[in-house]
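Worksheet: one structure, shown below.
Just so it is clear, the values below take in all heavy atoms, side chains as well, and ignore hydrogens, waters and symmetry mates. Just so we're on the same page: letters track the sequence lines, and every chain starts at 1.
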Amino acid sequence: MKFSNLFGKTQKNISTNAESISHQLMLRAGFILQIAAGVYAYMPIAYKAFRKIENIIRNELNKSGAQEVHMPALQPVDLWERSNRKESYGPVLFQLKDRRERELVLGPTHEEVITQMVKSNVESYRDLPLNLYQIQVKFRDEARPRAGLLRGREFHMKDAYSFDMDQNGLDKRYDQMVEVYKSIFQKCGLPVLVVQADSGAIGGKDSQEFILTTDVGEDTIIYCDSCKYVANSEKAVFLHEELPIEDELNLTEVLTPSVKTIEDVSKFFNSDTKKTIKSVMYMINDELVMVSIRGDLEINEIKLSNIFKGKDLRLATDEELIKSDLLPGFISPVGLHNITKIHFLFDNSLKTGNNFISGGNKPDSHYSNVNIPRDILVSEFNDLALADVGYKCTECVNTLSTTKGVEVGHVFKLGTSYSESLGAFYTDEDGSQKPILMGCYGIGVGRVLAAAIEQNHDEKGIIFPPEISPYQIHLVGINLNDNAVAESCNSIYNNLYDNDYEVIFDDRDESAGVKLADADLMGFPIRMVVSLRSLKNNSVEIKLRSESESFLVEINKLEEYLSSIR
RNA sequence: CGGGGCGUGGCGCAGCCUGGAAGCGCACCUGCAUGGGGUGCAGGGGGUCGCUGGUUCAAAUCCAGUCGCCCCGACCA
């Protein structure tokens, strides 16, 4: 490729709206063009990188025995009604009508369609197992697309769907896919964290996420330095510090004017936040839910939502509380156990400890010396706490650490929910009808590209991992007006090209500074400069993008050098 | 969905408050010079100021509506 023919220019001025590094760099390098909110066009260079990632995924999956299929983006809405996901996706689902007023959706994912495909082609246990995948565009009307390719409304995703006869088969397939994923990311040159994840609204038991660690990640990962424990903070568990056992003192009501927050309360009582009980009111399914947790901990709303099977949840408003005779700032479960319209939940952290401080359920009032079960009836404790840095690991009792990351892959065990709701059954050896066990395995292709840039850059630009770099060699001719330079460049370029090196030759009539800056910005692994200076030594100057020093290689030894690092 | 902001040559912005001939930088075109870190000089082309309506002798500027985009939060396989 000659740079002068390349479609797409690097930019000096990019929108101040681009916040994330990968978004900025991709705009500056002329990789992508925004067409609408969360909708991007890919220029040739970006698309080359994109195809590299796709092909690595494709090769690894094919090797594992999976088969590639293609599915429609346009899907009838009734498929989504049958799987009950029209409602659960809500406004995120792009919907449209055709000229006959038939309702359609733009697929945000393809479980429904693949299940339909399998249903019409699988009848017997002899047809199983199957592992099918697609690499296609998907649509989600995200409330807030952001950060360029990291969260778009139209995006490319590889989704694989597995179909097994029984749980054992699914478990094996799932483990196999985790290994395939590890090798995919390794082949992309990207170090990935495999973390335990919440399976979210899609359901299913086991679930793991593949995370590229970066500063701008939307996910918070909790990990243990000394054992292997790694989990998304949505899912992470930790060891609760057991409080020392004290003698139970008498429940006492204390006047606490305008003392409302946990911080105020612990200050007022000159006590640790660990000795307080925080009670937070949520609305779930139009029902008031009181969640009580030790004051030093935060509530994990994902865990909470899972108790209600993933139903929507929000904090109750002050008006709703007052309507139910609850006083914001002074709420606690003490003395309320007879109120049936409130659903009470208690975090595991309240299993131990005595003489807590909690709200008084009266204006300007708190209780001290609250004891469970003496003062609060608890039928059941749940894990409702958000893990954070500094807490103890449940596996090895060491301190947990935290890091930010971008989710680039996610694997689920779906079980039989789709096969049952959409009627994908097979006949087993004994003649009985059984639902097919499904798994699903996704990788966001554009997100991998963006996250790779997020993870690999410096102040000058991108530093592509060679495995996914659009070009391997960036040949720069400086002072091409000089015949010797021009001839040398052309001969080197033709030679590399003929020997199947992925090379781009900057043949533009631009100053050295412009060309070198563009080379740094685009970030291909090997930069080769040919100039009067290098030719004095019969050499080209080579600089690896990942290194800071350059060196000369004689032109007649170039081939030798390149094959040594290939 | 709540809060805030922005739409002016291809891109990034100023002008709007206080109405009166549409500007700057980058990019682009031409020429000359330069030739190892976004080089210099000279010349040039390109915008019905998002859209609709209103006020006014006169609207990029004021008013109303509308569409689009962005940021924070909520939300999110």
- request: Confirm from the modelled atom types if A:Y89 and B:A77 form a donor-acceptor pair under 3.5 Å, side chain to base only.
  value: yes
- prompt: Going by the ring-ring contact (aromatic ring centres under 6.0 Å, His included) test, which pairs reach into residues 7-36 of chain A, not counting sequence neighbours?
  reply: A:H23-A:Y40
field: Span that lies between the C1' atom of B:U61 and that of B:C49, in whole angstrom
entry: 10 Å
query: A:E142 side chain to A:R144 main-chain N or O, any donor-acceptor pair under 3.5 Å?
result: no
- prompt: Under the side chain to side chain contact (heavy atoms under 4.5 Å, CB included) test, which residues partner A:S491, sequence neighbours left out?
  reply: none
query: With a 4.0 Å cut-off on heavy atoms, is A:I14 in touch with a base, just the backbone sugar-phosphate, or nothing at all?
result: sugar-phosphate
Using nucleotides 28-32 of chain B, report all nitrogen or oxygen pairs with the protein that are shorter than 3.5 Å.
none

Six-ring centre of A:Y174, A:K413 cation under 6.0 angstrom, axis tolerance 45°: yes
Could you write out each protein N or O paired with an N or O of nucleotides 36-41 of chain B at a distance under 3.5 Å?
{"from": "B:G36", "atom 1": "O2'", "to": "A:R533", "atom 2": "NH2", "distance (Å)": "2.6"}
{"from": "B:G36", "atom 1": "N7", "to": "A:S531", "atom 2": "OG", "distance (Å)": "3.1"}
{"from": "B:G36", "atom 1": "O6", "to": "A:S531", "atom 2": "OG", "distance (Å)": "2.2"}
{"from": "B:G36", "atom 1": "N1", "to": "A:E541", "atom 2": "OE2", "distance (Å)": "3.0"}
{"from": "B:G36", "atom 1": "N2", "to": "A:E541", "atom 2": "OE1", "distance (Å)": "3.0"}
{"from": "B:G36", "atom 1": "N2", "to": "A:E541", "atom 2": "OE2", "distance (Å)": "2.7"}
{"from": "B:G37", "atom 1": "O6", "to": "A:R527", "atom 2": "NH1", "distance (Å)": "2.9"}
{"from": "B:G37", "atom 1": "O6", "to": "A:R527", "atom 2": "NH2", "distance (Å)": "3.3"}
{"from": "B:G37", "atom 1": "N1", "to": "A:D520", "atom 2": "OD2", "distance (Å)": "3.0"}
{"from": "B:G37", "atom 1": "N2", "to": "A:D520", "atom 2": "OD2", "distance (Å)": "2.4"}
{"from": "B:G38", "atom 1": "N1", "to": "A:D518", "atom 2": "OD1", "distance (Å)": "3.3"}
{"from": "B:G38", "atom 1": "N2", "to": "A:D518", "atom 2": "OD1", "distance (Å)": "3.0"}

Review item, nucleotides 5-9 of chain B N/O atoms under 3.5 Å of protein N/O:
none

P-based separation of B:C11 from B:C28 [nearest Å]: 15 Å
task: Sorted by first residue and then second, give each ring-ring contact (aromatic ring centres under 6.0 Å, His included) pair with at least one member in residues 130-160 of chain A; sequence neighbours left out.
output: A:F50-A:H156
Taking distance alone, no hydrogens or angles, what donor-acceptor pairs closer than 3.5 Å link side-chain atoms of residues 449-456 of chain A to residues at least two apart or in another chain?
{"from": "A:E454", "atom 1": "OE2", "to": "A:S22", "atom 2": "N", "distance (Å)": "2.9"}
{"from": "A:E454", "atom 1": "OE2", "to": "A:S22", "atom 2": "OG", "distance (Å)": "2.6"}
{"from": "A:Q455", "atom 1": "NE2", "to": "A:T213", "atom 2": "O", "distance (Å)": "3.2"}
{"from": "A:N456", "atom 1": "ND2", "to": "A:A452", "atom 2": "O", "distance (Å)": "2.8"}

- prompt: Say you draw a straight line from CD of A:Q116 to CD1 of A:I114; how long is it, rounded to the nearest 0.5 Å?
  reply: 11.0 Å
- request: Return the set of residues passing salt bridge (charged side-chain N to carboxylate O under 4.0 Å, His left out) with A:E179 (not counting sequence neighbours), or none when no residue passes.
  value: A:K182
- request: Remember a base hit wins even if backbone is also touched, and classify A:A143 as base, sugar-phosphate or nothing at under 4.0 Å, heavy atoms.
  value: base
- prompt: Using atom P of each nucleotide, how far apart are B:C67 and B:G25 to the nearest Å?
  reply: 37 Å
task: May I ask you to say what A:P91 touches in the nucleic acid, namely base, sugar-phosphate or nothing, with a heavy-atom cut-off under 4.0 Å?
output: nothing
- prompt: How far does the C1' atom of B:C71 sit from the matching atom of B:U34, given to the nearest Å?
  reply: 44 Å
- request: Assess whether one donor atom and one acceptor atom, taken from the side chain of A:N13 and the base of B:A27, lie less than 3.5 Å apart.
  value: no
field: Position toward the 5' end of RNA chain B (nearest nucleotide), A:D159 or A:D509
entry: A:D509
- request: Check whether any side-chain N or O of A:R151 sits under 4.0 Å from OP1 or OP2 of B:C76, and answer yes or no.
  value: no
field: Euclidean distance for C1', B:G5 against B:A77 (whole angstrom)
entry: 32 Å
message: According to ring-ring contact (aromatic ring centres under 6.0 Å, His included), does anything in residues 508-544 of chain A pair up with another residue at least two apart or in another chain? List the pairs.
response: A:Y471-A:F524, A:H474-A:F524
field: Non-neighbouring partners of A:E60 that pass side-chain hydrogen bond (donor to acceptor under 3.5 Å, both in side chains), sequence neighbours left out
entry: A:K63, A:S183, A:K187
message: I'd like to check the side-chain hydrogen bond (donor to acceptor under 3.5 Å, both in side chains) partners of A:K138; sequence neighbours left out, ordered by chain and number.
response: A:H110, A:Q134, A:D159
field: Atom C1', compared across B:A60 and B:A74: separation rounded to whole Å
entry: 36 Å
query: Within the structure shown, what part of the strands sits under 4.0 Å from A:D141 by heavy-atom distance: base, sugar-phosphate, or nothing?
result: nothing
message: Is A:R144 close enough to B:C71 that one of its side-chain N or O atoms is under 4.0 Å from OP1 or OP2 there?
response: yes
task: With sequence neighbours excluded, tell me which residues meet salt bridge (charged side-chain N to carboxylate O under 4.0 Å, His left out) with A:E68.
output: A:R58
